[in-house]
S.K.: 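Here's a structure for you.
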Amino acid sequence: MKILIRATNWLGDAIMALPALRAVRGRFPDAKISILARPYVADTYRGQSICDELISYDPKGVHAGISGRERLAQDLRVQNFEVALLLQNAFDAAWIAWRAGIPERVGYARDGRSLLLTKKIPVPKLGEIPAHEQFYYLELLRRAGWINSLPGESFITLDVSEDRRRQAEKTLSSAGARPNAARIAIGAGASYGSAKCWPPDRFADFVNRFRLHTDADVILFGTAAEQKVSDTIAAGIRGPSISLVGKTAIAALPALLSRCQLFVGNDSGAMHVAAAVGLPVVAIFGPTDPHGTAPITPRCTVIQEKSYCSPCFLRTCPIDHRCMTSVRPEAVEAPARGWLRSAEVASG
């Protein structure tokens, strides 16, 4: 059997979909499984033993526009896939699978794409499945008849090869990280929107408080679009900091984070990657719901000061951003110190 899986677009969603992808691999051990994904998701999935082939889908590059999508569909058509499993919800995912001539197309019946699906799976209603997003993808498999139950994971992991870890260590050392110092990874951005972001001055205040108790390297992670936020944080930190913002590819993020001892940041893709490579995580939530998207790890503290309007799931706050501004640096510092102590004890 040849199966094409359309992966989710967001990095955090891609991590939360890993239990479902592993369930498909377990259900069809002899099938040829290909995953169609945005380049940064494909890079994250590389080396995870969940598929036989990763196919990059670049709608901002070679696959831009109708002609680019049509070209992708024709490239897929010649591979003669028998089944398409659509983890992504969009109409676009079903359209490409249909144009690729894949005879069985399985996905949730939503976003106006039901006519393009051969197996139209009803979207779970509120309360029908556990709240966390990993179960949303697993339930698609269950309703399709591919699994009998929802084998949720208590710790979603990403494998990082020793070669990638060594390369990451070289990158960090070249940027100024000390070999024997604790490393605190700061993830101050969130691709979804500014509403999920703790203010930069709060991050700086947290770091300054934290450093009163430990001589740790502070490493700022993020995309080039988050450079201004990173610069503001760095300017407010007393003492040195290391910025990798905009300097490394997303493909390098798992290995780089695996060389740190703690992650502190917003509800973001980087938060999920940090948890998946084994870091303790202090996750700051505001407009989103940790019951649905908290990192799946036993080593996590969620910080949230819920206001009357939270969770709103808006990309930008239309009022005063109270759900995030009400989170005080000292509320983040206490669990961060505890997790770093436990990491240091575990490492000997």
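The shown structure was predicted, so the numbers you read here are calculated from the model rather than taken from an experiment.
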S.K.: Where the side chain of Trp198 meets the backbone of Val327, is there a donor-acceptor pair that is under 3.5 Å apart?
M.R.: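 Checked: pair present.
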S.K.: Would you confirm whether Asp320, through its side chain, and Thr325, through its main-chain N or O, come within 3.5 Å as a donor-acceptor pair?
M.R.: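 Checking the backbone N and O of Thr325 against the side chain of Asp320, no donor-acceptor pair under 3.5 Å is found.
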S.K.: Indicate whether the side chain of Asp231 and that of Gln227 have a donor and an acceptor atom separated by less than 3.5 Å.
M.R.: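 Checked: Asp231/Gln227 side chains pair up, N/O donor to acceptor below 3.5 Å.
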S.K.: Return yes if some donor-acceptor pair links the side-chain N/O of Arg183 with the main-chain N/O of Ala177 below 3.5 Å, else return no.
M.R.: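 Not a single qualifying donor-acceptor pair exists.
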S.K.: When you check the gap from the basic side-chain N to the acidic O, do Lys32 and Asp52 get nearer than 4.0 Å?
M.R.: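 Between Asp52 and Lys32 there is no salt bridge, as every charged N stays at least 4.0 Å from the carboxylate O atoms.
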S.K.: Are Val207 and Leu172 connected in a single hydrophobic cluster, I mean Ile/Leu/Val/Met/Phe/Trp/Tyr linked by side-chain heavy atoms less than 4.5 Å apart?
M.R.: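 In one cluster: no.
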S.K.: Going by heavy atoms in the side chains, are Pro290 and Gln304 under 4.5 Å from each other?
M.R.: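 The answer is yes; the side chains approach within 4.5 Å.
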S.K.: Is it possible for you to say whether Val264 and Leu220 belong to one hydrophobic cluster, with membership spreading through side-chain heavy-atom contacts below 4.5 Å?
M.R.: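 Same cluster.
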S.K.: Looking only at atom types and distance, does a side-chain atom of Gln134 sit under 3.5 Å from a main-chain N or O of Glu153, one as donor and one as acceptor?
M.R.: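 Yes, because the side chain of Gln134 sits within donor-acceptor range (under 3.5 Å) of the backbone of Glu153.
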S.K.: List the steps and the verdict of side chain to side chain contact (heavy atoms under 4.5 Å, CB included) for Ile156 and His272.
M.R.: CA-CA 9 Å; Ile156 294 178; His272 286 283; over 6 Å; no
S.K.: Without swapping roles, check the side chain of Arg77 against the backbone of Arg99 for a donor-acceptor pair under 3.5 Å.
M.R.: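 Present.
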S.K.: Please lay out, stage by stage, how Arg337 and Arg341 fare under the test side chain to side chain contact (heavy atoms under 4.5 Å, CB included).
M.R.: CA-CA 6 Å; Arg337 287 175 61 189; Arg341 283 195 300 268; 3.9 Å; yes
S.K.: With side chains defined as the heavy atoms from C-beta onward, is the minimum distance between Leu72 and Arg69 less than 4.5 Å?
M.R.: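 No. Closest side-chain heavy atoms not under 4.5 Å.
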S.K.: About how many Å separate CD1 of Ile242 and CD1 of Ile186, when rounded to the nearest 0.5 Å?
M.R.: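 Going from CD1 on Ile186 over to CD1 on Ile242, the span is 12.0 Å.
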S.K.: Using every non-hydrogen atom in the two residues, find where Ala294 and Val302 come nearest and quote the distance to one decimal.
M.R.: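 In terms of heavy atoms, the two residues are closest at CB-CG2, 4.3 Å.
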S.K.: Yes or no on side chain to side chain contact (heavy atoms under 4.5 Å, CB included) for Arg328 and Glu305, after CA distance, side-chain angles and deciding distance?
M.R.: CA-CA 9 Å; Arg328 311 304 302 174; Glu305 295 291 339; over 6 Å; no
S.K.: In plain terms, say whether Asp205 and Arg209 are close enough for a salt bridge, that is, a side-chain N and a carboxylate O under 4.0 Å apart.
M.R.: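 Yes, Asp205 and Arg209 are salt-bridged.
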S.K.: Is any side-chain heavy atom of Val218 closer than 4.5 Å to one of Arg211?
M.R.: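 A side-chain contact under 4.5 Å exists here.
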S.K.: Any sub-3.5 Å donor-acceptor pair from Ser34's side-chain atoms to Leu4's backbone N or O?
M.R.: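 Judged by distance alone, no pair lies under 3.5 Å.
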S.K.: How long is the gap from CD1 on Ile219 to CG on Leu256, to the nearest 0.5 Å?
M.R.: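 Ile219 atom CD1 to Leu256 atom CG measures 8.5 Å (nearest 0.5 Å).
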S.K.: For residues Leu18 and Leu158, determine if any side-chain heavy atom of one lies less than 4.5 Å from a side-chain heavy atom of the other.
M.R.: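 Side chain of Leu18 against side chain of Leu158, heavy atoms only: contact under 4.5 Å found.
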S.K.: Looking at every non-hydrogen atom in both residues, tell me the closest pair between Pro200 and Val229 and how far apart they are.
M.R.: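 Where Pro200 meets Val229 most closely, the heavy atoms are CG-CG1, 4.0 Å.
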S.K.: Among Ile50, Leu85, Ile55, Leu86, which one satisfies side chain to side chain contact (heavy atoms under 4.5 Å, CB included) with Ile5?
M.R.: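 Of all the options given, the one that passes is Leu85.
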S.K.: Do Asp13 and Tyr137 come within less than 4.5 Å of each other through their side chains, counting heavy atoms only?
M.R.: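 Of all side-chain heavy-atom pairs linking Tyr137 with Asp13, at least one is under 4.5 Å.
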S.K.: In the single-linkage hydrophobic clustering (I, L, V, M, F, W, Y; side-chain heavy atoms under 4.5 Å), do Ile284 and Ile184 co-cluster?
M.R.: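 Shared cluster, yes.
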S.K.: Once rounded to the nearest 0.5 Å, what's the spacing between atom CG of Leu279 and atom CH2 of Trp339?
M.R.: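 Separation between the atoms: 11.5 Å.
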S.K.: Are Glu139 and Arg142 close enough, and set up right, to give a salt bridge (charged side-chain N to carboxylate O under 4.0 Å, His left out), and what steps lead you there?
M.R.: CA-CA 5 Å; Glu139 180 68 0; Arg142 192 189 70 80; 2.7 Å; yes
S.K.: Testing the basics here: between Arg22 and Thr157, what is the closest heavy-atom pair and its distance to 0.1 Å?
M.R.: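 Nearest heavy atoms, Arg22 then Thr157: NH2-O, 2.6 Å.
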S.K.: Run the numbers on Val332 and Phe203 for side chain to side chain contact (heavy atoms under 4.5 Å, CB included), then give the verdict.
M.R.: CA-CA 9 Å; Val332 177; Phe203 273 108; over 6 Å; no
S.K.: Judged by atom type as modelled, is there a donor-acceptor pair below 3.5 Å linking the side chain of Thr118 to the main-chain atoms of Arg105?
M.R.: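 At least one qualifying donor-acceptor pair exists.
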S.K.: Please answer: with hydrophobic residues joined when any side-chain heavy atoms are less than 4.5 Å apart, are Tyr57 and Phe91 in the same cluster?
M.R.: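 Yes; Phe91 is reachable from Tyr57 via cluster members.
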S.K.: If you define the side chain from C-beta out and look only at heavy atoms, does anything of Ile296 sit under 4.5 Å from His132?
M.R.: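 Contact flag for Ile296/His132 side chains = yes.
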S.K.: Between Tyr40 (side chain only) and Asn9 (backbone N and O only), is there a donor and an acceptor less than 3.5 Å apart?
M.R.: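 Present.
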S.K.: Do the side chains of Ile303 and Pro335 get nearer than 4.5 Å, heavy atoms only?
M.R.: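 They are in side-chain contact.
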S.K.: Give me the atom names and distance for the closest heavy-atom approach of Ala20 to Leu141.
M.R.: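 Minimum heavy-atom separation between Ala20 and Leu141: O-CD1, 3.4 Å.
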S.K.: Can you give me the closest heavy-atom contact between Glu82 and Pro103, atom names plus distance?
M.R.: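 Nearest heavy atoms, Glu82 then Pro103: O-CG, 3.4 Å.
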S.K.: Just wondering, are more than 12 heavy atoms of other shown residues or ligands nearer than 6.0 Å to NE2 in His291?
M.R.: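 It does not: His291 NE2 has 12 such atoms or fewer within range.
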S.K.: For residues Ala17 and Tyr45, report the shortest heavy-atom separation together with the two atoms involved.
M.R.: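 Scanning both residues completely, I find the closest heavy atoms to be CB-OH, 4.1 Å.
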S.K.: Is it the case that the ring center of Phe263 lies less than 6.0 angstrom away from the ring center of Phe221?
M.R.: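 Distance test on ring centres: not under 6.0 Å, no.
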S.K.: Report yes if the side chains of Thr44 and Ile250 come closer than 4.5 Å at any heavy-atom pair, otherwise no.
M.R.: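 Thr44 vs Ile250: side chains touch.
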S.K.: For the side chain of Lys120 and the backbone of Ala109, is there at least one donor-acceptor N/O pair under 3.5 Å apart?
M.R.: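 Pair absent, no side-chain N/O of Lys120 close to backbone of Ala109.
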S.K.: Let me confirm one number: the CZ-CD distance from Phe206 to Glu333, rounded to the nearest 0.5 Å.
M.R.: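 CD of Glu333 is found 7.5 Å from CZ of Phe206.
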S.K.: Treat each ILVMFWY residue as a node, draw an edge where side-chain heavy atoms are under 4.5 Å apart, and state whether Phe313 and Phe285 are in one component.
M.R.: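 Unlinked, Phe313 and Phe285 end up in two clusters.
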S.K.: On the 0 to 90° scale, with breaks at 30° and 60°, tag the Tyr136-Tyr108 ring pair as parallel, tilted or perpendicular.
M.R.: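 Geometry flag for Tyr108 against Tyr136: tilted rings.
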S.K.: Tell me whether the count of non-hydrogen atoms from other residues, nucleotides or ligands lying under 6.0 Å of CG in Leu115 goes above 12.
M.R.: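 No, because the 6.0 Å sphere around CG of Leu115 holds 12 heavy atoms or fewer from other groups.
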S.K.: How many angstroms lie between atom CE of Met271 and atom CG of Leu257, to the nearest 0.5 angstrom?
M.R.: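 Result: 12.0 Å between the selected atoms.
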S.K.: Would you find a donor on one side and an acceptor on the other, under 3.5 Å apart, between the side chain of His63 and the backbone of Asp58?
M.R.: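 Such a contact is found between His63 side chain and Asp58 backbone.
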S.K.: Rounded at 0.5 Å granularity, tell me how far NE2 in His213 sits from CG in Leu340.
M.R.: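 His213 atom NE2 to Leu340 atom CG measures 12.0 Å (nearest 0.5 Å).
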